[in-house]
Structures are given as structure tokens and as C-alpha cells.
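Counting from 1, the numbers follow the sequence of the chain as shown.
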Amino acid sequence: MMTRAYDKFFLPGVMKNLGFAVDFAVNGCGLAADSFYDFFIASKVAKGIEEGSPLFVCGCSGTELALSVFERVGFSGNIASADSFVRFERSPEYWAGWILAFYQWETNFSFLKIRDFVSFSQIINMYEPLHEAPQEKFLDVMNDLIRQKDFEKKTNLHNLRKASGLTQKELSELTGVNLRTLQQYEIGSKDINKASGQTINSLARALHCNFYDVMELSL
């Protein structure tokens with residue numbers, strides 16, 4: 001089972017705060033969305049969320065989160081007054097920050113790794129087709145994008161399945177491993193080394209290989 005940096009109880013608050021932080025930075029302060037996301041990573045605020053820092057998980061508002069980013073990177077541009085920035089509708093930028101926090105928690109990917117595959121402006125551009133869809137739909141879309149772009153790095157499970165000639169659906173049906181879980185193991189968003197022995201054994205038998213061949217072991 002994947003270890004989380006903070007309990008799911010806090011996730012809605014983190015999602016809301018990152019949404020407000022992005023909205024404030026872009027629509028309140030006039031900063032480009034990708035620039036704010038770069039600041040968010042460089043400031044280590046992103047790292048604080050990933051590691052479950054109480055300050056950034058539940059100890060500040062969304063606007064305070066953005067201001068902390070600005071302070072840490074020394075940004076002194078046109079910073080709006082927090083009191084003057086009042087929003088009654090959720091913007092695409094808010095949604096992008098909100099859903100990004102969900103995706104980071106679900107996959108345990110770092111915000112930096114996510115940016116390496118999908119820019120923040122790309123996530124904003126997903127607003128129109130996805131903002132009314134279930135959160136799990138965004139998870140699937142992002143996993144597909146990352147899978148397509150991560151063609152150079154393949155997990156052992158991916159290579160073994162391709163060599164066997166099985167589709168993901170066929171392997172799922174043979175082993176009883178949930179299809180989405182199997183897809184997450186293949187792209188590395190779930191650590192297969194933490195799967196149950198029964199799961200790894202089932203995969204190894206279906207792929208006619210050794211138990212350890214399925215795992216990702218560093219030599």
C-alpha cells in the first residue's frame with residue numbers, strides 16, 4: 001500500500017488552497033500560470049506539501065500559500081492585496097491547482113516530476129472537457145499522457161507484459177489485479193515493490209517469470 005505524506009482528511013483543504021493560490025497569482029497578480037508553478041517548485045512550498053508539512057497542508061490559506069511562494073523566491077512584482085481579491089466563481093486556473101493537488105496525492109509523484117511531463121498551462125487547457133468530470137477521469141487522462149511521454153523508461157512489468165503479447169486488460173483478467181492498479185504499476189505511479197506477495201506471484205505466473213523479475217530492484 002502506498003505511503004501518504006498526509007491523511008486524506010486534509011486533501012480537500014490542500015486542493016482548495018492550491019486552487020486559490022494559483023487563482024490569486026494568475027488572476028490577482030497577473031503572473032503567468034507556468035511561471036507561478038515554477039516559483040511554487042523553486043520555493044520548496046511544493047516539497048512541503050509533498051512531505052506533509054503542517055504549515056502548508058493545513059496551516060495557511062490559499063492566498064497565504066501564494067504569498068509564501070512569492071516571499072521565498074523573492075518575487076516583488078505586482079502583488080495584489082489579499083483583501084481586494086474576491087472571487088465568486090471558480091476559474092480554470094483555480095480548477096487546475098485544485099485537481100493538481102488531487103493528482104499529486106493520488107499518485108505520490110512530486111510536483112516537479114509532474115511538470116516534467118505535463119506543463120501547468122496544459123492542465124489549465126483541460127478545464128473545458130474535464131472540470132465537470134469525476135476526479136478519477138483526470139487521473140486516467142494524466143496517467144495516459146505520462147505513459148505516452150515516458151516511452152524511454154519502461155518498468156519491468158511493462159516490458160514483461162509486452163514480451164508476453166498480452167494486453168493490460170488480458171493480464172488484469174488473468175491475474176485478478178484491478179486494471180487501473182495494473183496501469184499504475186506499469187507507469188510507476190504505484191510502487192509494485194509494495195504490492196502484496198499474492199499480487200506479484202499472480203503476475204509472475206501469468207508472465208512465466210520469476211517473482212523478482214516483476215519487481216523494480218536496484219542492484
Side-chain angles (χ1 to χ4, degrees), residues 1-29 31-77 79-121 123-124 127 131 134-136 138-139 142-143 146 181 184 188-191 193-195:
M1 187 174 180
M2 189 184 299
T3 302
R4 309 291 188 182
Y6 58 91
D7 191 89
K8 193 170 186 177
F9 171 82
F10 296 105
L11 179 58
V14 175
M15 293 168 65
K16 181 184 73 174
N17 283 347
L18 188 53
F20 274 120
V22 175
D23 198 18
F24 174 73
V26 176
N27 296 310
C29 305
L31 197 62
D34 285 328
S35 296
F36 177 70
Y37 194 58
D38 288 343
F39 287 169
F40 174 59
I41 293 170
S43 68
K44 307 297 184 185
V45 172
K47 192 72 173 176
I49 293 174
E50 293 162 14
E51 295 178 349
S53 164
L55 173 61
F56 298 123
V57 168
C58 58
C60 63
S61 69
T63 305
E64 289 169 340
L65 192 72
L67 293 175
S68 181
V69 168
F70 292 154
E71 180 181 359
R72 286 171 171 237
V73 299
F75 176 71
S76 56
I79 301 177
S81 162
D83 293 334
S84 68
F85 185 72
V86 179
R87 301 284 289 185
F88 298 103
E89 295 182 357
R90 298 293 181 251
S91 66
E93 291 79 15
Y94 173 93
W95 173 83
W98 179 84
I99 199 67
L100 177 66
F102 167 78
Y103 184 76
Q104 191 280 321
W105 190 87
E106 280 287 336
T107 62
N108 221 19
F109 283 161
S110 69
F111 287 104
L112 176 60
K113 179 172 181 176
I114 296 168
R115 187 194 62 181
D116 286 343
F117 288 102
V118 183
S119 70
F120 193 71
S121 55
I123 296 175
I124 293 172
Y127 172 81
H131 75 283
Q135 295 166 9
E136 289 73 19
F138 179 82
L139 183 71
M142 284 288 284
N143 283 345
I146 290 174
T181 300
Q184 291 173 329
S189 64
K190 273 194 174 181
D191 186 355
N193 295 344
K194 295 179 180 178

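Ring orientation note: the planes of Phe70 and Phe24 are tilted relative to one another, at an angle of 30° to 60°. Classification of the Tyr103-Phe138 ring pair by plane angle, with boundaries at 30° and 60°, yields perpendicular.
What you find for Ala21 and Ala66 is that their closest heavy atoms are O-CB, 3.7 Å. Residues Phe56 and Ser68 approach most closely at CE2-OG, 3.7 Å, considering heavy atoms. Contact between Cys29 and Ile79 at its shortest, heavy atoms only, is SG-CA, 3.8 Å.
For Asn193, the side chain to side chain donor-acceptor pair (under 3.5 Å) test picks out no residue, with sequence neighbours left out. In this structure Phe10 satisfies the side chain to side chain contact (heavy atoms under 4.5 Å, CB included) test together with Tyr6, Asp7, Val57, Cys58, sequence neighbours excluded. With sequence neighbours excluded, no residue forms a side chain to side chain contact (heavy atoms under 4.5 Å, CB included) with Glu71. In terms of the side chain to side chain contact (heavy atoms under 4.5 Å, CB included) criterion, residue partners of Asp34 (sequence neighbours excluded) are, by chain and number, Ser119, Phe120, Ser121. Residues meeting the side chain to side chain contact (heavy atoms under 4.5 Å, CB included) test with Ala46, sequence neighbours left out: Phe40, Ile41, Glu50, Phe111.
Remark: Arg90 fails to qualify as a cation-pi partner of Trp95 under the 6.0 Å distance and 45° angle criteria applied to the six-membered ring.
Proximity of Asn143 to Thr107: side-chain heavy atoms (C-beta onward) are separated by under 4.5 Å at one or more points. Within the 4.5 Å cutoff, the side chain of Arg115 has no heavy atoms near those of the Phe109 side chain. Residues Phe85 and Asn27 are in side-chain contact: their nearest non-hydrogen atoms beyond the backbone lie under 4.5 Å apart. Using a 4.5 Å heavy-atom threshold, the side chains of Ile146 and Lys113 count as separate. Considering only heavy atoms from C-beta on, Phe20 stays 4.5 Å or farther from Leu65 through its side chain. At least one side-chain heavy atom of Trp105 sits under 4.5 Å from a side-chain heavy atom of Lys8.
A salt bridge (charged side-chain N to carboxylate O under 4.0 Å, His left out) check over residues 9-28, counting only residues at least two apart or in different chains, returns the pairs Asp23-Arg87.
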What verdict does the side chain to side chain contact (heavy atoms under 4.5 Å, CB included) test give for Gln135 and Met15, after you've listed the backbone C-alpha separation in whole Å, the side-chain angles of each residue and the deciding distance to 0.1 Å?
CA-CA 12 Å; Gln135 295 166 9; Met15 293 168 65; 3.9 Å; yes

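Annotation: the span from Ile114 atom CD1 to Met142 atom CE amounts to 5.5 Å, rounded to 0.5 Å.
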